[in-house]
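A quick write-up on the structure given underneath.
Everything numeric here is computed off the predicted structure, so don't read it as measured data.
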Amino acid sequence: MNESGRFVAAFAHYHKIETNRILVCFDDVALPLGRLRLRPQGSAGGQKGMQSIIEALGTQEIARLRIGVGPQPAGVDSADYVLAPFTPLQERELSSVLESAASAAQRAARDGLPAAMSEFNREHHGSSA
């Protein structure tokens with residue numbers, strides 16, 4: 001996943017997809033479980049897969065949907081944390097988190113990123129567990 005950029009760039013080139021039509025979705029330990037954050041552009045924020053995509057496409061102007069999976073416990077490596085199994089409490093919330101993320105992506109595709117941002121960036125989907 002840390003080298004997603006090669007695939008995304010090749011896929012976009014092959015299918016002639018402009019970067020303004022791409023929405024990258026990824027987990028984010030800086031957001032509580034279930035919290036969604038849509039952005040039209042920006043830095044990778046420490047997310048290595050997003051950094052790879054930015055480098056491969058040559059721009060930070062790539063829409064992204066950050067899906068909260070935090071908080072990351074202190075002293076735990078982020079790769080170990082995101083690859084570890086969910087706790088039973090997190091597992092119970094996962095279905096609604098994924099449904100919300102899918103709804104956000106669909107709304108962005110259907111009605112544009114600003115409409116999706118207006119709806120999903122202000123709502124807290126899930127808990128802070």
Side-chain angles (χ1 to χ4, degrees):
M1 299 309 298
N2 288 347
E3 297 193 23
S4 303
R6 289 186 297 186
F7 172 78
V8 172
F11 186 88
H13 177 75
Y14 181 82
H15 292 285
K16 298 175 178 48
I17 300 170
E18 299 292 327
T19 55
N20 66 352
R21 301 290 301 156
I22 295 173
L23 176 66
V24 177
C25 305
F26 57 90
D27 57 6
D28 192 326
V29 298
L31 295 174
L33 179 66
R35 184 69 183 252
L36 304 178
R37 184 70 61 204
L38 287 149
R39 293 282 183 255
Q41 63 187 22
S43 72
Q47 218 280 351
K48 292 177 183 170
M50 189 67 214
Q51 183 63 42
S52 173
I53 293 168
I54 289 169
E55 289 171 3
L57 295 176
T59 182
Q60 289 187 357
E61 295 182 20
I62 305 160
R64 73 271 329 259
L65 170 58
R66 298 167 39 211
I67 304 166
V69 295
Q72 176 181 338
V76 175
D77 179 72
S78 60
D80 292 338
Y81 178 70
V82 298
L83 294 175
F86 287 100
T87 67
L89 176 61
Q90 292 170 325
E91 189 71 37
R92 287 191 294 274
E93 293 187 40
L94 190 56
S95 180
S96 68
V97 169
L98 295 176
E99 285 179 27
S100 294
S103 294
Q106 289 170 340
R107 177 82 192 269
R110 184 183 62 240
D111 301 325
L113 194 62
M117 288 171 62
S118 176
E119 178 179 351
F120 289 91
N121 283 357
R122 63 181 168 77
E123 294 183 16
H124 182 78
H125 296 274
S127 78
S128 58

Handout entry: side-chain contact (heavy atoms from CB on, under 4.5 Å) against V29, all qualifying residues, sequence neighbours excluded
Key = V69, Q72, Y81, V82

Completion exercise
residues 10-39 vs ring-ring contact (aromatic ring centres under 6.0 Å, His included), sequence neighbours excluded, gives F7-F11, F11-H15

Problem - All salt bridge (charged side-chain N to carboxylate O under 4.0 Å, His left out) counterparts of R92, not counting sequence neighbours - result: none

Fill in the blank from the handout: Residue set satisfying side-chain contact (heavy atoms from CB on, under 4.5 Å) with P114, at least two apart, ordered chain then number -> none

Practice task
Just jot down the ring pair (Phe, Tyr, Trp, His ring centres under 6.0 Å) partners of F86, sequence neighbours excluded, or say none.
Solution key: none

Exercise for the section: Return the minimal non-hydrogen interatomic distance between A116 and A104, and the atom names on each side. Expected result: CB-O, 3.8 Å

Exercise for the section: For residues 11-27, pull every pair meeting salt bridge (Lys or Arg N to Asp or Glu O under 4.0 Å), keeping only residues two or more places apart or in separate chains. Expected result: none

Exercise for the section: State which residues pass side-chain contact (heavy atoms from CB on, under 4.5 Å) with T87; sequence neighbours excluded, sorted by chain then number. Expected result: L89, Q90

Practice task
Using side chain to side chain donor-acceptor pair (under 3.5 Å) as the criterion, list what pairs up with E55, not counting sequence neighbours.
Solution key: Q51

Fill in the blank from the handout: The single option from R66, R35, R37, M50 that satisfies side chain to side chain contact (heavy atoms under 4.5 Å, CB included) with D28 is R66

Handout entry: Side chain to side chain, I54 and T59, heavy atoms closer than 4.5 Å
Key = no

Exercise for the section: Could you list the residues that satisfy side chain to side chain donor-acceptor pair (under 3.5 Å) with R64, not counting sequence neighbours? Expected result: none

Problem - Under the salt bridge (charged side-chain N to carboxylate O under 4.0 Å, His left out) test, residues paired with R107 that sit two or more places apart - result: D111, E119

Handout entry: Residues in side-chain contact (heavy atoms from CB on, under 4.5 Å) contact with Q41, at least two apart in sequence or another chain
Key = E61

